[in-house]
S.K.: 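Can you read through this structure? Questions will come right after.
The basis for the numbers below is simple: all heavy atoms, side chains too, and nothing from hydrogens, waters or symmetry mates. Residue indices begin at 1 and follow the sequence shown.
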Amino acid sequence: MSFSQTNRIVKGRVVDKQQKDQLIGVRIIVEKTKLLTTTDKDGIFSILVSDSGDYILSFQYSDYILKRVPVTLGDRILDLGTVYLEKDITVELTDNLITLTDSELHDDEQSASSVGLLQATKDIFLQRAAFDFGQAFFRVRGYDSQYGKVLMNGVSMNKFYDGRPQWNNWGGLNDVTRNQEFSNGLSASAYSFGGALGVTNISTRPSAFRPGIRISSSASNRTYAARVMATYTSSISEKGFSYSVSGSRRWAKEGYVAGTLYDAYSAFGAIEYQVNPTNSLLFTGMLASNRRGRSSAVTEEVFNLVGNQYNPYWGTQNGEIRNSRERTIAEPILMFNHILETSNLKLNTGVSYQCGINSRSRLGYYNAPNPDPTYYRYLPSYYINYVKLLIMSSKVS
């Protein structure tokens, strides 16, 4: 095999840093160009570059941390030797994206928004601070989630009416939303000025995903009982086109907490056209529909009486389980982006449209006794304290 004097070759071998096993199908992209290749069955790659100069090689592999390696090409062959990729340990931790139940929520859901923001980021400290398995809330520096910025392809996803992001808008689309960049606090971000809780940008560019198909299923005993998910991403065609589609279904007739139904489905599609090495057009559409029965936090007295699975919001109607408080979210998103990337400038222009429903129901009792069985007047402690009060009053008199 022979090459002209103006061609440069970069080669190497990609392996797992912990297991030292070769990684097959790793995408190696020469940034700012259309040049890309993948590793073979031995983890070996080589890529031909026309001109000498400074470049950045991007190593992309599913469930591994993105690695960017700067190189200077002056000789005909540059051997990088062994390139190690590290597993992204946060992938499984954030795989359900939002695992909060309504027992952890107040009606205004301010605290829940804060925890959801913490839990969905890739930062290890913030994930632990979210108290994933408890009903306690933690606010970083005391700030609410409206002080954190969440972007999708550079477009703000914080709601206009309360300033908080709604992570349920892309719930279940884990495969295509895990490509996130997080800037903590007031540190510099390439996408926004952000706020006191930092900036999270989610990229949906198919060119940044690993080509291929992924099908997964899982079972759970928490919010939902089962989930199936499928994703397909194409490779970049000779004309510069690439696309990605994904769908998932999550359901439960009754979750871990009594009377909490769960019915959710999600669909995603994105197509990208690389006009030239510096310009790309991206169209993204997604819908995450979620309907679930809510549960309530209970006092220690109720917990001791009926256990941690008790939910006062449900009952039976005509022999069927009926939850008096249901939450329904279905807000599809359509987005178009133009991305300009040069060695000195990066410009992302985007426009987005969103509509849909975001509703909550509850059982009304206007001018009637409170139907909640955990209402304090219906609990034993109320009558015990009432009797104590009568005894103390009789002694005083």
Side-chain angles (χ1 to χ4, degrees), residues 94 96-123 125-127 129-132 135-173 177-204 266 284 286-290 292 294 297 325 327-337 348-362:
T94 61
N96 287 334
L97 204 61
I98 294 297
T99 57
L100 296 174
T101 62
D102 280 291
S103 64
E104 299 168 323
L105 313 183
H106 297 296
D107 281 345
D108 58 9
E109 299 193 350
Q110 294 181 5
S111 298
S113 297
S114 300
V115 179
L117 176 65
L118 299 179
Q119 193 173 15
T121 61
K122 297 285 187 178
D123 185 90
F125 168 75
L126 295 182
Q127 287 181 344
F131 294 108
D132 190 13
Q135 295 185 357
F137 296 110
F138 181 85
R139 292 188 178 185
V140 177
R141 302 175 183 174
Y143 289 112
D144 187 74
S145 63
Q146 60 184 303
Y147 297 102
K149 200 76 169 178
V150 177
L151 310 174
M152 181 83 69
N153 297 324
V155 179
S156 176
M157 293 288 104
N158 294 61
K159 300 297 185 181
F160 289 114
Y161 52 83
D162 61 5
R164 301 182 181 94
Q166 178 57 262
W167 290 87
N168 281 305
N169 287 158
W170 48 90
L173 299 173
T177 58
R178 61 176 44 148
N179 189 5
Q180 302 177 12
E181 294 184 45
F182 176 68
S183 301
N184 191 17
L186 295 174
S187 59
S189 171
Y191 301 95
S192 173
F193 291 105
L197 289 184
V199 179
T200 298
N201 182 71
I202 303 172
S203 174
T204 63
S266 305
T284 305
M286 68 182 72
L287 168 63
S289 176
N290 185 300
R292 66 181 188 269
R294 303 172 66 189
R325 301 198 182 192
R327 180 76 187 273
T328 302
I329 300 174
E331 299 175 314
I333 300 173
L334 298 176
M335 187 177 301
F336 178 78
N337 293 84
N348 181 0
T349 305
V351 59
S352 177
Y353 175 76
Q354 185 176 27
C355 60
I357 60 172
N358 189 331
S359 64
R360 284 170 287 180
S361 67
R362 65 176 297 168

S.K.: Minimum heavy-atom separation for Phe193 and Val199, please, with both atom names.
M.R.: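 Shortest heavy-atom separation between Phe193 and Val199 comes out as C-CG2, 4.5 Å.
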S.K.: Which pair of non-hydrogen atoms, one from Ser266 and one from Leu173, has the smallest distance, and what is that distance?
M.R.: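 Taking every non-hydrogen atom into account, CB-CD2, 3.6 Å.
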S.K.: Judged by atom type as modelled, is there a donor-acceptor pair below 3.5 Å linking the side chain of Asn179 to the main-chain atoms of Thr204?
M.R.: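 Not at all, since once roles are kept as given, no pair shorter than 3.5 Å links the two residues.
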S.K.: Tell me the closest heavy-atom pair linking Glu331 and Leu287, and the distance in Å.
M.R.: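 Result for this residue pair: N-CD1, 4.3 Å.
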S.K.: Which atom names give the shortest non-hydrogen contact between Ser192 and Lys149, and what distance separates them?
M.R.: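 Minimum heavy-atom separation between Ser192 and Lys149: OG-CG, 4.0 Å.
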S.K.: Does a side-chain heavy-atom distance below 4.5 Å link Lys159 with Arg164?
M.R.: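 They are not in side-chain contact.
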S.K.: Nearest 0.5 angstrom please: Asn290 CG to Trp167 CH2, how far?
M.R.: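 It comes to 15.5 Å.
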S.K.: If you count heavy atoms of other groups shown closer than 6.0 angstrom to CZ of Phe160, is the number above 12?
M.R.: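 Not more than 12 within 6.0 Å, no.
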S.K.: Using every non-hydrogen atom in the two residues, find where Ala330 and Ser289 come nearest and quote the distance to one decimal.
M.R.: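 Of all heavy-atom pairs spanning Ala330 and Ser289, the closest is CB-OG, 4.0 Å.
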S.K.: According to side chain to side chain contact (heavy atoms under 4.5 Å, CB included), who are the partners of Glu181, at least two apart in sequence or on a separate chain?
M.R.: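 Residues passing side chain to side chain contact (heavy atoms under 4.5 Å, CB included) with Glu181: Tyr191.
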S.K.: If I compare all heavy atoms of Gly154 with all of Asn201, which pair ends up nearest, and what's the gap?
M.R.: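 Smallest interatomic distance, heavy atoms only, reads N-OD1, 2.9 Å.
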S.K.: Quick one: does Thr284's side chain get under 4.5 Å of Met152's, heavy atoms only?
M.R.: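 Not in contact.
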S.K.: Do the non-hydrogen side-chain atoms of Ser203 and Asn153 ever get within less than 4.5 Å of each other?
M.R.: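 Ser203 vs Asn153: side chains touch.
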S.K.: Is there a side-chain contact between Asn169 and Met157, using heavy atoms and a 4.5 Å cut-off?
M.R.: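 Asn169 vs Met157: side chains apart.
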S.K.: Checking side-chain hydrogen bond (donor to acceptor under 3.5 Å, both in side chains) for the pair Asn348/Asn337: CA distance, chi angles, key distance, verdict?
M.R.: CA-CA 7 Å; Asn348 181 0; Asn337 293 84; 3.2 Å; yes
S.K.: Atom CD in Gln354, atom CG in Leu334: separation rounded to 0.5 Å?
M.R.: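 That separation rounds to 9.5 Å.
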